[in-house]
Number of protein chains: 2
Amino acid sequence: MSDFPVTATAGYSPHVSKPESASLDFVVDRSSPVPLYYQLALQLESAIEHGRLSPGSLLGNEIELAGRLGLSRPTVRQAIQSLVDKGLLVRRRGIGTQVVHSQIKRPLELSSLYDDLLEAGQSPATRVLRNDTEPSSAEVAAALGLAEGAEVIVIERLRSAHGEPMARLRNYLPPGLLQLETAQLEATGLYRLMRSAGITLHSARQTIGARSATTDEGAQLDECEGAALLTMQRTTYDDTGRAVEYGSHIYRASRYAFDFQLLVRS
Amino acid sequence: MSDFPVTATAGYSPHVSKPESASLDFVVDRSSPVPLYYQLALQLESAIEHGRLSPGSLLGNEIELAGRLGLSRPTVRQAIQSLVDKGLLVRRRGIGTQVVHSQIKRPLELSSLYDDLLEAGQSPATRVLRNDTEPSSAEVAAALGLAEGAEVIVIERLRSAHGEPMARLRNYLPPGLLQLETAQLEATGLYRLMRSAGITLHSARQTIGARSATTDEGAQLDECEGAALLTMQRTTYDDTGRAVEYGSHIYRASRYAFDFQLLVRS
DNA sequence: TAGTGGTCTAGACCACGTT
DNA sequence: ACGTGGTCTAGACCACTAT
């Protein structure tokens with residue numbers, strides 16, 4: 001087999017109902033280190049995103065697609081499956097694989113407020129109010145799986161956008177995991193710092209609630225006492241199951257809401 | 001090959017470091033209509049959940065596991081992969097596949113408040129306040145993809161647990177999709193009714209926020225005016241991309257919070 | 001160097017839904 | 001009856017990690 005890119009285009013045009021994908025050029029490069037199924041998945045995703053594959057259109061059957069690309073059917077299936085898992089495609093037996101009509105924006109992920117604001121073009125700013133250690137309370141110790149009273153790193157930050165305060169973030173980390181400089185914390189998000197320190201984030205458990213602001217909280221966030229606040233507690237685990245961070249945050253409900261997309265378990 | 005169940009047990013006991021899974025009896029039944037990979041996935045999941053495979057333990061390599069079960073490696077991989085996707089297992093090249101330490105409870109799913117309360121043993125009750133139609137507002141029309149003013153079904157329910165009100169749920173549905181009897185709505189959740197009407201729920205977009213209760217809302221939910229409320233707006237789509245429901249709900253923050261687990265995109 | 005998961009192939013048969 | 005995706009096999013080679 002060739003080691004050069006293989007292009008798939010429509011063959012002889014039949015007279016009726018050819019899948020849209022038949023007119024698209026998908027290319028795989030066998031000399032690339034990127035897996036073939038992933039190359040195809042990226043191209044399919046891009047074609048969907050840019051409207052070259054319109055919502056509801058059929059993808060063409062897997063065997064034929066595989067033949068056109070010079071790939072095996074399992075490889076093509078792997079590419080398609082990854083997009084089905086993302087919610088971009090739907091498979092129907094006896095029918096084929098279709099592009100989903102509604103636009104899935106992004107699945108719920110472990111997002112950092114910093115990244116959320118960045119993405120929304122809000123130019124976030126962070127002021128570090130605390131960066132030291134203290135003996136853990138019962139709540140923090142339970143969340144991090146430490147003994148009550150064990151020393152933990154405490155970080156308190158005020159996050160704002162457009163000069164307006166948005167949230168007060170309080171994080172607790174087990175000691176010795178990470179060196180956190182105040183300057184770094186003001187320049188980027190906590191999760192980025194953790195990832196670049198080699199920590200593999202794996203899962204998180206979170207609770208979103210609401211309550212009224214105390215006088216102090218109102219002063220910090222530029223709200224009146226009694227104003228509605230969104231609250232979030234989140235414990236994050238790495239891939240070995242260690243709790244690597246516990247956060248207890250408050251957000252100004254008048255200026256922030258949690259917004260996300262999710263897929264139905266099937 | 002045999003059409004009868006195949007059992008895999010530990011062979012001769014070696015002297016050192018055998019994976020725990022070697023001592024477990026996994027069985028596949030080739031005469032069952034349940035896919036082989038799924039049978040194995042269920043058994044692995046059960047073994048993890050019941051502690052027969054302890055956190056951090058290795059699963060044993062895929063080739064050997066396949067051999068013991070009389071399955072091919074891709075089939076075993078498919079089973080393992082489904083649990084990796086659920087966050088129960090972690091693969092490491094050169095090491096093996098390990099059980100994750102932390103207990104993943106449940107991924108975020110399109111949950112109904114009714115089911116949530118049921119699961120928590122709270123014996124939910126529903127009182128239907130409205131079940132009729134009205135011309136859609138701009139907000140509702142936009143969410144459902146209808147023309148403003150088009151007639152929509154409106155359902156308003158008060159959901160309580162232990163005799164205490166928990167939430168006021170307002171749902172809007174496009175006409176002609178579903179026949180909703182008040183008696184059914186008081187006996188079960190909306191999503192169950194939609195599913196049993198043959199609607200395949202696919203994805204949802206939701207926003208969670210907070211605000212203070214108005215006087216009327218306070219009266220409905222047994223809270224004071226100005227009390228903090230959690231709010232949620234959710235648009236649900238079926239697998240053809242149609243919006244099938246828009247909800248605008250309020251929850252007593254003093255008695256309810258959203259609680260869920262999520263996996264990190266890798 | 002040895003062992004693991006990651007990727008890939010070229011077939012096969014089946015279940016389901018449409019026609 | 002036909003075409004689709006769903007499942008499954010028995011191999012292969014590669015990349016990464018540990019020792």
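Chain letters run A, B, ... following the sequence lines, proteins first and then strands; every chain starts at 1. Computed over heavy atoms, backbone and side chain alike; hydrogens, waters and symmetry mates excluded.
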Could you give the [atom1]-to-[atom2] distance, from [X] to [N], as a whole number of Å?
X	N	atom1	atom2	result
B:Y38	D:dC8	OH	C1'	18 Å
B:R92	D:dA18	CZ	C1'	13 Å
B:Q78	C:dG6	CD	C1'	16 Å
B:E62	C:dT7	CD	C1'	11 Å

If you check the [X] side chain, which of [options] turns out closest?
X	options	value
A:P74	C:dA10, C:dC8, D:dG5	C:dA10
A:L36	D:dA10, D:dG5, C:dT9	C:dT9
B:N61	C:dT4, D:dG5, C:dT9	C:dT4
B:R93	D:dT7, C:dT18, D:dC16	D:dC16
A:R77	D:dC8, D:dG5, D:dT17	D:dG5
B:Y37	C:dG6, D:dC8, D:dG5	D:dC8

Task: Distance below 4.0 Å between A:R91 side-chain N/O and C:dC16 OP1 or OP2 - done: no
Task: Distance-only side-chain donor-acceptor flag, B:D259 / A:T207, under 3.5 Å - done: yes
Open item on the list: Should the side chain of A:R73 and the base of D:dT7 be counted as holding a donor-acceptor pair, with the cut-off at 3.5 Å?
Closed with: yes
TODO: Going by the side-chain contact (heavy atoms from CB on, under 4.5 Å) test, name the single residue among A:L58, A:L59, A:L89 that passes it with A:L53.
DONE: A:L59
Open item on the list: Any heavy-atom pair between the side chains of A:V152 and A:Y246 that's under 4.5 Å?
Closed with: no
Task: With sequence neighbours excluded, residues passing ring pair (Phe, Tyr, Trp, His ring centres under 6.0 Å) with B:Y37 - done: none
